[in-house]
Amino acid sequence: MLNLLIFGPPGAGKGTQAKMLAEKYQLNYFSTGEIFREEMAKGSELGNKVKNIIEQGALVPDEITIAILEERIIEKKEGNGFLLDGFPRTIPQAEALDIFMQKENLKISGVLSLEVHNEEIIKRLILRGQTSGRLDDNEESIKNRLEVYDKQTAPLLEYYQKKGNLLPVNGIGDIDEIQNNLCIEIDKIK
Ligand code: ADP
């Protein structure tokens, strides 16, 4: 089984790259951001609960995020493994994932980290905001998401580096080139 995580600041291109990887390696793809956007679009109870939080660029509380992600993984256990995009995003989420994986007798095979500097990120997100229709691609929210990333999510890189499964990849370049570099890292651990 191949169970992967993908990290990177907002706008690093995680979603694009992750979907291509999921297709190539036949992995179940889970994006907590996408799950929340679907729930908001449906107007479900969960969607309504998280809407204001997401709009502001803040994080949805850990207990909500952990519960929905675990529920989705359990629903879809067959296949070659999974690829998580946007989860974990805090140390408590990472710890919860470790406990969940142990309970389910699963292992994280590798943690991909797409590296893109802040200047490039801000440029990309503002550009994306012009067409994405996403509530949180406005300047205020982008600023918040980057701060949240630095404070709460970036420490996870060290968390996984200590465990020995961090795979850093340069996130600047054209999409296929980045994809290729990600595949090189994955093929090393397969
Ligand atoms: P981006 O990486 O561009 O910010 P995502 O689609 O991953 O986009 O996430 C969008 C928003 O969804 C986040 O800003 C946050 O509010 C919420 N979200 C997604 N994943 C998580 C998570 N693991 N924990 C808490 N909130 C999350």
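Whatever order the structure lists ligands and atoms in, that order sets their numbers, starting from 1.
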Would you mind checking which non-hydrogen protein atom is closest to [atom], with the distance to 0.1 Å?
atom                    : result
atom 16 (O) of ligand 1 : Ala58 O, 2.5 Å
atom 8 (O) of ligand 1  : Arg134 NH2, 3.1 Å
atom 9 (O) of ligand 1  : Arg89 NH2, 3.4 Å
atom 27 (C) of ligand 1 : Phe36 CE1, 3.8 Å
atom 12 (O) of ligand 1 : Ile54 CD1, 3.8 Å
atom 20 (N) of ligand 1 : Thr32 OG1, 2.7 Å
atom 2 (O) of ligand 1  : Lys14 NZ, 2.8 Å
atom 14 (O) of ligand 1 : Arg145 CG, 3.8 Å

[X] N/O to ligand 1 N/O under 3.5 Å:
X     : result
Pro9  : no
Gly57 : no
Ser31 : no
Gln93 : yes

Practice task
Would you mind listing which atoms of ligand 1 come within a distance below 4.0 Å of any non-hydrogen atom of Arg128?
Solution key: 3 (O)
Practice task
For Phe87, take its heavy atoms, then give the atoms of ligand 1 lying under 4.0 Å from any of them.
Solution key: 23 (N)
Exercise for the section: Check the angle between the aromatic planes of Phe82 and Phe30 and answer parallel, tilted or perpendicular using the 30° and 60° thresholds. Expected result: perpendicular
Problem - Sole residue of Leu167, Leu84, Leu112, Val169 in side chain to side chain contact (heavy atoms under 4.5 Å, CB included) with Ile6 - result: Leu112
Problem - Any Ser109 side-chain heavy atom under 4.5 Å of Met1 side chain - result: no
Handout entry: Side-chain heavy-atom pair Leu83, Glu23 within 4.5 angstrom cut-off
Key = no
Above 12 or not: heavy atoms from other molecules or residues under 6.0 Å from [atom1] of [X]?
X      : atom1 : value
Glu119 : CD    : no
Glu45  : CD    : no
Ile175 : CD1   : no

Between [X] and [Y], does at least one N-O distance fall below 4.0 Å, as a salt bridge requires?
X      : Y      : value
Arg134 : Glu55  : no
Glu139 : Arg145 : no
Arg124 : Asp137 : no
Lys49  : Glu39  : no

For ligand 1, note which part of [X] has a heavy atom under 4.0 Å away: side chain, backbone, both or neither.
X      : value
Val60  : both
Glu55  : neither
Asp136 : side chain

Exercise for the section: Report yes or no: does Gln56 have a heavy atom closer than 4.0 Å to ligand 1? Expected result: no
